[in-house]
Amino acid sequence: QTVFTTSSWVPPTHTLTTAQGAWCSLLEKESAGRMKCNALPKAVTAAPGTFDAVRDGLVDISFTVDGYTPGRFINTQVAEFPFLGDSAVPTSVAYQRIYSKYFAPLGEHRGVKVLGVFTHGPGIIFNSKKPVLTAEDAASLKFRIGGGNINELSKLMGWNTTLKAAPESFELLSTGVMDGTFFPDESVASFKLSMIKHATTFPGGLYNTSFVFMMNPAKYNALSAQDKAVVDKISGETAARIFGEGWDKVDAASRDGAQKAQGVQRVQASPAFIDAVKAKQQQLEDKWAAAAEAKGLKNAKGVLAEFRAEIAKAK
Amino acid sequence: MTEAVLGFLGVFLLAFLRVPLAIAMSIAGIVGLGLMRGWPAAYASTSQVIFETGFHYVLSVIPLFVLMGNFVARAGMARELFTAANAFVGHRRGGLAMASIIASGGFGSICGSSIATAATMSRVAYPQMMAHGYKATLATGAIASGGTLGILIPPSTILVIYGIITETDIGKLFIAGILPGIVAIVCLCLAVVFVTWRDPAAGPPAERFTWAQRLAAIRGIWGVALLFALVIGGIYGGVFTATEGAGVGAAGAFLFALLRGTLTPRVLMDILLESTRTTAMLFTILIGAMIFTSFINFTTMPGDLKDFILQFSPNPIMVVVMMMGIYLLLGMVMEELAIVLLTIPVFFPVIMGLGYDPIWFGILIVTVVEIGMISPPVGLNLFVLNSLLPDVKLSTLYRGVWPFVVADVVRLGILIAVPGIALILPRLMG
Amino acid sequence: MLKTLERLLNWSSGLMAAMALFAIMWLTLIDVSGRKFLNNSVPGGLEMTEILMVIVIFGALPLVSWRSEHVVFDTLDAFIPDWLKGLQARVVHLTCAGAFAMMAWLMTTRAERFAEYGDITVHLQLPLSPVAWLMSGLLLLTALVHLVFVAVPPVAAAHGGPAREGEPS
Ligand code: NA
Ligand code: NA
């Protein structure tokens with residue numbers, strides 16, 4: 001019997017942890033009990049070190065946010081752009097398809113065996129002060145942000161942002177040091193952001209986040225051909241779907257539960273606001289395309305277009 | 001569980017051979033991890049732990065609170081606090097020891113570190129107690145235990161770290177520490193009463209102050225009050241976070257020391273150097289503890305402890321009591337921050353599942369951390385006093401501190417029995 | 001000779017650490033005031049604090065070792081004959097030298113890993129690999145301090161270190 005040690009840098013009840021657990025249950029079932037997981041009580045490293053922890057065999061299976069190690073991953077930034085989709089399942093599945101087709105051969109995730117890539121739900125502007133309908137409204141508030149494409153976009157938009165880790169959101173917002181933050185719906189509930197009163201949505205989300213779910217390659221290579229086949233079967237789209245479904249479920253639960261209870265007013269960004277973001281995003285896409293092509297991706301703009309088309313198709 | 005026990009034995013064997021505690025924990029941790037997960041994984045883990053612990057924004061509260069404590073001490077504020085407390089209780093039996101505990105509480109209101117508080121009070125109160133014929137056991141016991149008030153009375157490094165890992169409101173945690181802090185001062189003073197009742201020679205009475213002198217002494221602590229208002233007011237006024245409050249507080253203390261004319265470039269350099277050395281000493285222990293913790297994480301110990309505790313879940317309060325028992329035992333042999341970081345992810349969900357208040361649990365955690373810092377053999381405050389007072393042996397410290405450990409355990413019992421002490425102020429905040 | 005070495009440490013890595021700590025203090029104050037009064041925080045303040053923290057901790061580490069300020073159990077000291085104490089000190093310092101040298105080596109592997117992937121900080125895009133190299137260098141310096149004491153055991157500085165200059169009042 002093979003036992004995979006797994007680690008999670010979010011709490012045991014978080015959807016990322018439970019989705020990883022769900023994948024492990026599937027692994028155990030599909031292999032008729034020949035493979036199973038053993039979850040560590042405490043994360044083996046802080047989030048940014050997780051990629052290396054899997055690569056170095058400290059743990060066998062874990063997940064991370066590509067943007068937590070800035071500078072390492074270029075291609076994956078494509079999954080962080082605005083207006084990708086309103087639900088995590090199609091964006092995750094489409095991202096997985098594009099990833100397998102174009103990105104995997106380029107080896108940005110070299111050193112680990114990628115089991116799947118995925119995204120969370122649409123990114124939203126949350127704040128405790130006032131309804132944000134326009135870019136000017138947003139510019140009048142102080143936001144905590146986490147990094148990734150949204151960091152670049154905020155810079156271009158000229159917003160007043162401070163980079164702090166997600167778990168500090170509560171303190172920053174409850175003391176009034178910051179007025180708002182950018183998160184998917186889920187986080188209002190999971191970070192207990194009870195002071196949030198306003199949400200500004202964008203069709204397809206203001207931003208997203210690229211995640212990777214991975215296994216130590218030596219551990220994979222040591223498996224029998226039969227076991228390898230089981231892992232391969234539930235990797236890729238199957239894994240992406242498990243994580244995507246998890247995100248969608250908790251997003252909905254937060255909207256209908258915590259957010260409703262604390263009276264969060266949802267508004268959609270005005271068309272002018274959306275256009276302003278689109279204009280700045282164009283610059284970011286050009287920059288990304290140049291960087292990705294420098295790293296070996298051919299026709300980056302075409303890949304991005306195919307990604308968007310794939311999201312529309314995916315269910 | 002066997003692996004974990006062997007690991008602890010390894011640490012103690014090395015430590016008793018006089019290998020620094022930090023190195024003993026690092027060696028045991030690397031070897032343990034290497035045997036369990038393979039050497040490349042152990043090396044990779046260790047280098048990651050070193051980097052992550054050093055390259056850490058939130059932990060910057062530690063050096064900044066230490067620095068603040070040193071500036072405040074240099075500005076003479078610790079002495080003013082001690083004088084004020086002394087004016088009221090010094091004439092009693094054991095009065096100087098009580099004064100040092102009360103002054104530690106006051107100092108704790110402007111310093112977030114237990115070690116900085118103990119170190120500062122040792123310079124102010126210890127010579128006075130010696131001059132009045134106090135026994136070293138009582139003097140050091142009062143200073144070591146009083147020092148732990150630095151992390152219970154806001155601001156507090158441990159509460160910042162607890163708040164961040166459990167996503168609990170740090171502002172409310174800070175407010176929640178105030179009443180338990182007062183209870184703690186009372187309990188520790190009662191321990192002094194007990195010690196001097198058993199042995200009146202341990203703490204002979206000092207001279208009595210007149211009411212005019214007392215009022216003058218009280219007026220002398222306005223600087224402390226102002227600095228407390230700056231840090232706590234800034235946090236509650238939404239100007240800065242608790243983490244940033246450490247930096248602002250240090251800057252405020254710097255200004256005080258400067259305005260009182262106590263800073264020359266030479267003195268400033270000495271204070272900065274001393275603060276960085278204390279920081280480096282603490283972080284070496286922290287890194288060693290983290291390396292050891294990542295080994296423990298792979299053993300069955302956390303799971304076994306959780307299973308042990310869960311068998312009491314039909315009777316929730318017993319779960320809390322058993323958990324505190326485990327913390328007291330771990331606190332004797334481990335470094336406190338490492339205990340918190342290792343056990344909170346395991347224990348916190350259990351406590352939440354039983355429906356207890358995270359703020360109340362946070363105050364209990366700080367209390368057991370305080371006890372761990374003074375309970376022999378591994379008690380950081382004892383080590384600090386041992387290095388600052390070269391003429392006091394560690395064994396003297398061990399003998400002097402136990403009445404205060406008992407007082408702290410009694411206080412822990414009170415806080416468990418009466419959750420209102422911790423919860424009434426944060427609930428008033430809404 | 002030893003005095004010169006101590007002065008050298010104080011004015012090199014010690015000075016670096018002291019200045020870094022002072023800088024963190026001012027950085028926090030400026031960051032907070034900027035956010036409050038000018039609606040703008042210091043760009044990349046968080047990651048600058050993190051880098052400065054590395055300098056504070058690892059810059060002061062050689063001095064902690066030099067002054068024997070690491071936490072040790074001295075409980076058994078009373079039972080160890082004097083002739084053995086010198087040998088014991090040498091063995092302990094050798095162990096410490098080995099441990100710190102190993103940590104220094106481990107940090108070079110971390111530095112190489114950062115360089116291999118081109119890891120940078122989020123906001124200012126500063127490369128991480130030099131930070132790990134710095135840790136490694138200062139850990140090596142700490143190991144060398146212990147090696148000095150293998151050869152020349154510190155006499156009076158065995159505990160508590162030399163009298164602290166400028167005791168705060
Ligand atoms: Na305090
Ligand atoms: Na302890």
Side-chain angles (χ1 to χ4, degrees), chain B residues 15-23 26-27 43-44 46-48 50-51 54-57 59-60 63-64 67 70 73-74 76 79 120 123 239-240 244 246-248 250-251 254 262 266-267 269-277 279-281 283-285 377 380 383 386-388 390 394-395, chain C residues 10 14-15 17-22 24-29 31-32 36 46 49-51 53-54 56-61 63-64 67 69-78 88-89 91-92 95-96 99-100 102-103 106-107 109-110 128 131-132 135 159-161 164-169:
Chain B
F16 278 110
L17 294 174
R18 230 177 187 283
V19 173
L21 185 62
I23 299 295
S26 306
I27 293 174
Y43 296 152
T46 305
S47 68
Q48 226 162 38
I50 296 173
F51 188 82
F55 194 81
H56 202 305
Y57 171 72
L59 292 181
S60 68
L64 288 171
L67 180 64
N70 284 340
R74 173 60 72 169
R79 181 175 300 280
T120 307
R123 286 174 196 139
V239 184
F240 42 77
E244 293 163 342
V248 176
F254 166 74
T262 49
R266 174 76 212 214
V267 170
M269 182 67 187
D270 280 343
I271 290 180
L272 288 170
L273 266 179
E274 182 175 345
S275 305
T276 58
R277 286 204 316 273
T279 304
M281 185 271 282
F283 271 79
T284 319
I285 295 183
L380 219 47
F383 294 144
N386 185 223
S387 82
L388 288 179
L394 200 51
S395 53
Chain C
N10 259 326
L15 181 69
M19 289 303 113
L21 180 57
F22 210 38
I24 296 179
M25 185 186 98
W26 290 116
L27 182 60
T28 312
L29 190 69
D31 193 29
V32 166
K36 179 75 191 164
L46 183 139
T49 300
E50 288 177 327
I51 293 172
M53 276 291 285
V54 168
V56 170
I57 298 163
F58 294 88
L61 190 55
L63 279 167
V64 174
R67 299 169 59 116
E69 288 176 334
H70 288 294
V71 167
V72 289
F73 281 99
D74 52 7
T75 331
L76 296 188
D77 283 6
Q88 184 192 27
V91 172
V92 166
T95 311
C96 290
F100 281 118
M102 169 142 178
M103 289 184 193
L106 289 176
M107 292 324 291
T109 62
R110 183 76 11 212
L128 285 183
V131 179
M135 283 185 182
H159 217 235
R164 281 156 190 265
E165 294 166 57
E167 297 273 330
S169 55

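All chains are named by letter (A, B, ...) in the order of the sequence lines, taking the proteins before the strands, and each is independently numbered beginning at 1.
- At a 4.5 Å heavy-atom cutoff, the contact between B/Leu21 and chain C is made by backbone and side-chain atoms alike.
- If you take CG on B/Leu64 and CE on C/Met53, they are separated by 8.0 Å, rounding to the nearest 0.5 Å.
- Of the atoms belonging to B/Ile50, heavy atoms from both backbone and side chain fall under 4.5 Å from chain C.
- Atom CD1 of C/Ile57 and atom OG1 of B/Thr284 lie 8.5 Å apart (nearest 0.5 Å).
- Only the side chain of C/Ala99 comes within contact range of chain B, with at least one heavy atom under 4.5 Å from a heavy atom of that chain.
- Contact of B/Thr279 with chain C is made through the side chain alone, with heavy-atom distances under 4.5 Å.
- When C/Leu29, C/Leu106, C/Val131 are compared by the number of non-hydrogen pairs under 4.5 Å with chain B, C/Leu106 comes out ahead.
- B/Leu272 and C/Phe22 get closest at one heavy-atom pair: CD2-CD1, 3.8 Å.
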### Task
Under the side-chain contact (heavy atoms from CB on, under 4.5 Å) rule, what do B/Tyr43 and C/Met102 come out as? Steps first, then yes or no, please.
CA-CA 9 Å; B/Tyr43 296 152; C/Met102 169 142 178; 3.1 Å; yes
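- Nearest heavy atoms, B/Met269 versus C/Asn10: CE-O, 4.4 Å.
- Applying side-chain contact (heavy atoms from CB on, under 4.5 Å) to B/Ser47 and the options C/Met107, C/Met135, C/Met103 leaves one that passes, C/Met107.
- Across all their heavy atoms, C/His70 and B/Pro20 have their closest contact at CB-CB, 3.8 Å.
- Contacts between B/Ile23 and chain C at a heavy-atom distance below 4.5 Å involve the side chain alone, from C-beta outward.
- For the pair C/Val56 and B/Phe283, the minimum side-chain heavy-atom distance is 4.5 Å or more.
- Between B/Leu59 atom CG and C/Thr49 atom OG1 the span is 12.5 Å, to the nearest 0.5 Å.
- For a residue to count as touching a neighbouring chain, one of its non-hydrogen atoms must lie under 4.5 Å from one of that chain's; by this rule C/Ile51 touches chain B with backbone and side chain alike.
- Note on B/Ala44, B/Gly54, B/Gly247: by heavy-atom pairs under 4.5 Å with chain C, the leading option is B/Gly54.
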| field | side-chain contact (heavy atoms from CB on, under 4.5 Å) between C/Val54 and B/Phe51, intermediate numbers included | value | CA-CA 8 Å; C/Val54 168; B/Phe51 188 82; 5.6 Å; no
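- Contact of the C/Val92 side chain with the B/Leu17 side chain is not registered, since no non-hydrogen atoms from C-beta on lie closer than 4.5 Å.
- Put simply, of C/Asp31, C/Leu61, C/Thr109, C/Thr95, the one with the most heavy-atom pairs under 4.5 Å next to chain B is C/Leu61.
- Although no hydrogens or angles enter the test, the distance criterion places no donor-acceptor pair under 3.5 Å between the side chain of B/Glu244 and the main chain of C/Thr28.
- Nearest heavy atom pair, residue B/Met281 against residue C/Glu69, reads CG-O, 3.3 Å.
- C/Lys36 NZ to B/Phe240 CZ: the interatomic distance, rounded to the nearest 0.5 Å, is 10.5 Å.
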